[in-house]
Amino acid sequence: SRCTTCNECTQINSRLFAYNDNMQAYILDPDGGSFHEIVEAAESCQISIIHPGKPRNPSEPNLESLIARAEPFN
């Protein structure tokens with residue numbers, strides 16, 4: 001409910017993030033993008049409401065680095 005509709009996350013990946021009828025961003029498809037894109041969206045979110053959680057793909061490149069980058073947002 002704190003989403004400001006800034007478009008940062010949807011510009012990173014519109015298959016992963018979308019807006020509902022109230023123009024609040026949500027995860028459209030958890031498999032629609034990479035953990036890297038989720039972390040990038042969390043870093044870009046102006047009000048820090050994106051929480052990357054844990055990666056879905058254990059084979060994603062640079063996973064250790066991405067998990068470390070995600071830590072402040074989880």
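Because only heavy atoms are used, hydrogens play no part in the values below, and waters and symmetry mates are left out as well, while side chains stay in. Bear in mind the structure is a predicted one, so any value in this text is a computation, not a measurement. Counting from 1, the numbers follow the sequence of the chain as shown.
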Non-hydrogen atoms of [X] and [Y] that approach each other most closely:
| X | Y | answer |
| --- | --- | --- |
| S34 | L16 | O-CD2, 4.4 Å |
| I50 | C45 | CD1-CB, 4.0 Å |
| R56 | P30 | CD-O, 3.5 Å |
| L28 | S14 | CD2-O, 3.8 Å |
| L63 | P58 | CD2-O, 3.6 Å |
| R2 | I49 | NH2-CG2, 2.7 Å |

Heavy-atom side-chain proximity of [X] to [Y] below 4.5 angstrom:
| X | Y | value |
| --- | --- | --- |
| L66 | H36 | yes |
| I67 | F35 | yes |
| Y26 | C3 | no |

Spatial distance of atom [atom1] ([X]) from atom [atom2] ([Y]) [nearest 0.5 Å]:
| X | Y | atom1 | atom2 | value |
| --- | --- | --- | --- | --- |
| T10 | Y19 | OG1 | OH | 4.0 Å |
| I27 | H51 | CD1 | NE2 | 11.0 Å |
| T4 | M23 | OG1 | CE | 10.5 Å |
| I12 | E40 | CD1 | CD | 4.0 Å |

Exercise for the section: Measure from the side-chain N and O atoms of N20 to the backbone N and O of Q24, and report whether any donor-acceptor pair falls under 3.5 Å. Expected result: yes
Exercise for the section: May I ask you to check whether over 12 heavy atoms, not counting those of N57, lie within 6.0 Å of atom CG? Expected result: yes
